[in-house]
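Just so you know, ligand 1 is whichever comes first in the structure, and atom 1 is the first atom listed for that ligand. Please read all numbers here as calculations on a predicted model, not as lab measurements.
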Amino acid sequence: MAAKKLRMAVLFGGRSGEHEVSLMSARSVLSVLDPARYDVYQVGITQEGTWLTGENACDLMENGDTKNLTHCTILPDPSRSGLYGMQITENGLSLEMITALDVVFPVLHGTYGEDGTIQGLLELADLAYIGAGVTGSSVGMDKSVFKDVMRANNIPTVESVIILRSDIKKNIEEVIRRAEGMSAYPLFVKPANLGSSVGISKCNNRSDLGEGLMDAAAYDRRVLVERGVDAHEIEVSVLGNDMPIASVPGEVLPSREFYSYESKYIDGTSRLLIPAPLSPEIAAEIRQMAVHAYVAIDCCGMARIDFFVEKATENIYLNEINTIPGFTSISMYPKLWEATGLSYVELVDRLVELARERKVDRDLTERHFRRTK
Ligand SMILES: Nc1ncnc2c1ncn2[C@@H]1O[C@H](COP(=O)(O)OP(=O)(O)O)[C@@H](O)[C@H]1O
Ligand SMILES: [Mg+2]
């Protein structure tokens, strides 16, 4: 007898600066899901946060043609978990179940996708889902808290200071003095919680720094200032739950002065070197650090972990973790697995298995404190 098909919701789009990137990732994922094994439900989330479903939701959303899509939602009540169609009625809303779900794949990057918020909903709904849980996602998203956890685990990160928007507003001279006291220029300024290089600037002098601080503070209430390192940018893919494994490392050669938003998505000329031309010792150390970092923030499913290898010293610094990395067939995350021996199709299947295994594990957890007399 053929195995039962898995009912899978693929979530994409979302209320984040990486909405378009998410549609590209989702398009690749959807193109490899074997219809003999999966019943796929496409769920597009608009920039405003409205959930829409329909057969070709991804295409329609890319074309901005969403009028024939059905409003939908997932409820937090585990006794009603599944995908619901939603009609707007005179008295409010009426819901009708479209399908129960065996697994959810949030292909959502950045805010409200990669930061633990959607994961929180899926936990409440008691659904199996791909990728990190609430803690791994939110710690992975916050560059400052993430660095503190790395430091507590003796994983090297570039020197940095964290600054509040209110301090920038109150006394920017004092903030600049603190940043300059930490390191000489160049300095990098970044919002604590964002991705895709949005709000990030490289500052070569005090006037750049003033501007960079104001710019980053527009995107977040906490801003990170880091020593700028002249480094190779090395990335590693990690996969697994309790026994994660790391891929071969790859190197990004940004097309511009740094790996900016334009360099990542607009001019399309940044190059990937796979595997990265590193000594076997450094490659092994990076792989080991990647797994250590993954475990330290309680990641599961997948993550891409990015490093700097300083050119002058060969010092390794862990830069950041992406718990829902770019997932098009030419993105670094799947490319690194391909180079390590796992094809794109196998990777997606493995992620589904990991999501289901974690749900089984989660269900073992005792939810009620049983008082013994
Ligand atoms: N401390 C730093 N030194 C040198 N380059 C940096 C530093 N921090 C960031 N960059 C550059 O900016 C890019 C984006 O920064 P990153 O911290 O990875 O944020 P994002 O989450 O937006 O990708 C990096 O890929 C790198 O090119
Ligand atoms: Mg990055």
* To do: Salt-bridge test for Glu123 and Arg362: reply yes if a basic N is under 4.0 Å from a carboxylate O, no otherwise.
  =>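 Yes, Glu123 and Arg362 are salt-bridged.
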
* **Note: Asp208-Lys202 ion pair, threshold 4.0 Å (strictly below)** =>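 Lys202 and Asp208: not salt-bridged.
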
* Mind checking whether Glu320 has an N or O less than 3.5 Å away from an N or O of ligand 1? ->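 Yes, since at least one N or O of Glu320 sits under 3.5 Å from an N or O of ligand 1.
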
* Answer yes or no: does an N/O atom from Gly228 fall short of 3.5 Å to an N/O atom of ligand 1? =>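 No, there is no polar N/O contact under 3.5 Å.
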
* Using a cut-off of strictly less than 2.8 Å, determine whether Asp306 has an N/O/S atom near the Mg ion (ligand 2). =>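 No, outside the cut-off.
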
* Would you kindly say whether Asp306 and Asn319 are connected by a side-chain donor-acceptor distance under 3.5 Å? =>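 No donor-acceptor contact under 3.5 Å links the two side chains.
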
* Ser79 and Asp77 side chains, donor-acceptor separation under 3.5 Å ->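 Judged by distance alone, the side chains do pair up.
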
* To do: List every atom of ligand 1 that sits less than 4.0 Å from any heavy atom of Asn319, numbering the atoms from 1 in the order shown and giving each element.
  =>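 Every atom of ligand 1 under 4.0 Å from some heavy atom of Asn319: 16 (P), 17 (O), 18 (O).
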
* Could you tell me if any non-hydrogen atom of Ile200 lies under 4.0 Å from any atom of ligand 1? =>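 The answer is yes, since Ile200 has a heavy atom less than 4.0 Å from ligand 1.
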
* Asked: Looking at ligand 1, does Phe308 have a heavy atom less than 4.0 Å from it?
  ->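 For ligand 1, residue contact (heavy atoms, under 4.0 Å) with Phe308 is present.
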
* Option set Glu226, Lys190, Arg256, Glu114, criterion heavy-atom distance to atom 9 (C) of ligand 1, minimum ->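 Among Glu226, Lys190, Arg256, Glu114, the closest heavy atom to atom 9 (C) of ligand 1 comes from Lys190.
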
* Asked: Which of the listed options, Arg227, Glu18, Lys143, Glu233, holds the heavy atom that is closest to atom 26 (C) of ligand 1?
  ->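 Selected option, by shortest heavy-atom distance: Glu233.
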
* ligand 1 versus Tyr259: contacting region, heavy-atom distance under 4.0 Å ->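 Both parts.
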
* Sorted by first residue and then second, give each ring pair (Phe, Tyr, Trp, His ring centres under 6.0 Å) pair with at least one member in residues 35-90; sequence neighbours left out. =>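 Those involving residues 35-90 do not exist here.
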
* To do: With the Mg ion (ligand 2) as the reference point, give the N/O/S atom of Glu320 that is nearest.
  =>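 Going by distance to the Mg ion (ligand 2), the closest N, O or S atom in Glu320 is OE2.
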
* To do: Count the heavy atoms belonging to other residues, nucleotides or ligands that lie under 6.0 Å from CE of Met86, then report whether that count exceeds 12.
  =>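 Yes.
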
* Tyr333 ring center within less than 6.0 Å of Tyr344 ring center ->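 Ring centres of Tyr333 and Tyr344 not closer than 6.0 Å.
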
